[in-house]
Amino acid sequence: TQLLEQSPQFLSIQEGENLTVYCNSSSVFSSLQWYRQEPGEGPVLLVTVVTGGEVKKLKRLTFQFGDARKDSSLHITAAQPGDTGLYLCAGRQEYGNKLVFGAGTILRVKS
Amino acid sequence: DSGVTQTPKHLITATGQRVTLRCSPRSGDLSVYWYQQSLDQGLQFLIQYYNGEERAKGNILERFSAQQFPDLHSELNLSSLELGDSALYFCASSVLTGGEQYFGPGTRLTVT
């Protein structure tokens, strides 16, 4: 059973479209991180959100942490082929300090 | 480039064998984490070391062990290898335990 559920598992869209990836849990996290991973490479940290309700923007990417710190979303505006990759959310458990990863969302942006 | 280095990049070995994966953390990072990534299990936390001492354990098999040396590099030892151990193995490092983790490029292990 995944502690963090990511949806959708796979997303194939056209260049220029918008998309949202969701990360949900019944557990509360002290912080939540989003990573992007390309084939054959390690995950690259995109952002860390810490406060419930926090919104962070990174160019065309908008990250939101739920008010209750149990869920998060990643919204990409005007997707580009370079956004293609595996997007992983990871929550830091309040007790024990471990980082728990979701199964990931595979995004493919077609030109 | 995250600053975390891992060697080797690829490793092909037979069942029953033993291998050692090596990781050098970013300069200044005291904590090292090992993860296993496979298609069916996703990214699974194995073990964490902080300044030479084991700090946390995840889903690490008894056939696997790790250590962190005084120069802070870490090694993951996998023994009595099985076909199911084929996966990508990532090392990550952070300044402190609980800090943001930066991942290395990984070692792809293939057990035949």
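Convention: sequence-line order gives letters A, B, ...; per-chain numbering from 1.
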Next on the checklist: Under 4.5 Å from any heavy atom of chain A, what part of B/Q6 do you find: side chain, backbone, both or neither?
Outcome noted: neither

Checklist entry - Could you give the distance from NZ (B/K57) to NZ (A/K98), rounded to the nearest 0.5 Å? => result 10.5 Å

Checklist entry - Can you tell me how far the CZ atom of B/F103 sits from the CG atom of A/L88, to the nearest 0.5 Å? => result 8.0 Å

Item to check | Atom CZ of B/R26: over 12 foreign heavy atoms under 6.0 Å | outcome: yes

Item to check | Residue B/R63 excluded, over 12 heavy atoms near CZ under 6.0 Å | outcome: yes

Next on the checklist: Within residues 31-51 of chain A, which residues come under 4.5 Å of chain B, heavy atom to heavy atom?
Outcome noted: A/Q33, A/Y35, A/Q37, A/G40, A/E41, A/G42, A/P43, A/L45, A/T48

Item to check | Residues of residues 14-22 of chain A with any heavy atom under 4.5 Å of a heavy atom in chain B | outcome: none

Do [X] and [Y] share a hydrophobic cluster, counting only Ile, Leu, Val, Met, Phe, Trp and Tyr and linking them when any side-chain heavy atoms are less than 4.5 Å apart?
X     : Y     : answer
B/I47 : B/Y50 : no
B/L30 : B/L76 : no
B/L81 : B/I12 : no
A/L86 : B/L88 : yes
B/L43 : B/L78 : no

Next on the checklist: My understanding is that only one of B/F45, B/Y35, B/F90, B/Y33 makes a ring pair (Phe, Tyr, Trp, His ring centres under 6.0 Å) with A/F101; could you say which?
Outcome noted: B/Y35

